[in-house]
Amino acid sequence: MIRLGLCCLFIDQPIKFRVATATHLLKFPRNERLAKLSWLCLENARTLLKAIEYCGAHHIGCFRVNSQFWPVKTHPDAGYDLAQLPDETDIQKMLLQCRERSRALDVRLSFHPDQFILLSSPKPDVVQRSILELEYQAQVSALIGADVINIHAGGGYGNKQAALKRMGRVLPHLSKDVRSRLTLENDDRIYSPADLLPFCKQYQVPLVYDVHHHRCLPDGLTVQEATDAALKTWDREPLFHISSPKQGWDGKHVAWHHDYIHKSDFPVEWQRMNITVEVEAKAKELAVRRLYHDLKFSKMVSG
DNA sequence: AGCGGTCAAGTTGAT
DNA sequence: ATCAACTTGACCGCT
């Protein structure tokens, strides 16, 4: 059976991760700031445990952790190390519990660094800050047992091949904790599966195949072909993405996510596969529940 | 309690 | 030139 994944938040459940802005935090003296951050990190660790327990009890086999799990962790002024937080020990303990429960309940954990994380940028400082952020997410990943840190290939910068080459040259500078988890996802505007597959093969970076993005940015590959090629890039359970367009496929903003996944958008090619499919839908756990129901109890039709 | 303004960051394309 | 989109609105500070 397919493992469905929930992304970052709940819409209906009282399971809420906390965040704080650097602007706000920097109004306080350092000690007070670290105390606040410590509390936020501990609170988010407790919340993650709740999220894992909920997923385990509701046929949700994967949970994506928000990039702000440790708020402003790599901010140039407000950033910090775990060792500087007064609740370090309690945070570690709680994260270990998350790791144990996610393993016991078979809830896979993943990360998806946001749009500022670019290994292909021609600007060295952009790449440097991106690496710092990846290292932070890998540190948390190691503590909680997440096995995927998924990023996009970034901008085209007028020459996609050159951009991919730049990214390839950055890979050796990543720690093992990042490198062993790093994956690449096709996007809806610049990098198609056909653009990324050669890179993924050459550098052994798994491709997170997003079929919705593929439909927004076609490349001559069928869903079946892209699926098969993506599968080959994985040395563990493959992870793919699904979403539906907000106003349908003839609407204006096809790239915008709908509240739910339309039955016909789920590829028939993916049925009965041992894969993780992260559900990108605004109705969150309700959308996962509905899709799970649709997959289990009704025959899907090809769109 | 409700609401408006704000939030670290890069790149692109629509207006 | 400005703005919204991107995996995701949440939080502060005022009324």
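Per chain, numbering begins at 1; letters A, B, ... match sequence-line order.
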message = Just by distance, no angles: are the side chains of A:His241 and A:Glu185 close enough, under 3.5 Å, to form a donor-acceptor pair?
response = yes
#### Entry: Side-chain N,O (A:Lys282) to OP1/OP2 (C:dT7) below 4.0 Å
no
Here the residues of residues 153-167 of chain A within 4.0 Å heavy-atom distance, strictly under, of DNA chain B are A:Gly155, A:Gly156, A:Tyr157
Taking the [atom1] atom of each, how far is [N] from [M], in whole Å?
| N | M | atom1 | value |
| --- | --- | --- | --- |
| B:dC7 | C:dA1 | P | 24 Å |
| B:dT12 | C:dT7 | P | 16 Å |
| C:dC3 | B:dG5 | P | 14 Å |
| B:dA1 | C:dT8 | C1' | 25 Å |
| C:dA4 | B:dT6 | P | 13 Å |

Has A:Phe116 got its ring stacked on the base of B:dA9, with centres under 5.5 Å and planes less than 30° apart?
yes
Classify [X] by what it touches in the nucleic acid, base, sugar-phosphate, or nothing, heavy-atom distance under 4.0 Å.
| X | result |
| --- | --- |
| A:Pro113 | nothing |
| A:Cys8 | base |
| A:Arg189 | base |

- Can the ring centroids of A:His212 and A:His258 be said to lie less than 6.0 angstrom from one another? no
Are A:Glu280 and A:Arg64 within salt-bridge range, i.e. N to O under 4.0 Å?
yes
Salt-bridge test for A:Asp228 and A:Lys232: reply yes if a basic N is under 4.0 Å from a carboxylate O, no otherwise. no
So the stems of DNA chain C, runs of at least three Watson-Crick or G-U pairs (under 3.5 Å), are B:1-7 with C:9-15, B:10-15 with C:1-6
Classify the ring geometry of A:Tyr209 against A:Phe240: parallel below 30°, tilted from 30° to 60°, perpendicular beyond 60°.
perpendicular
One should read off an interatomic distance between A:Lys282 NZ and A:Tyr260 OH, to the nearest 0.5 angstrom, of 13.5 Å
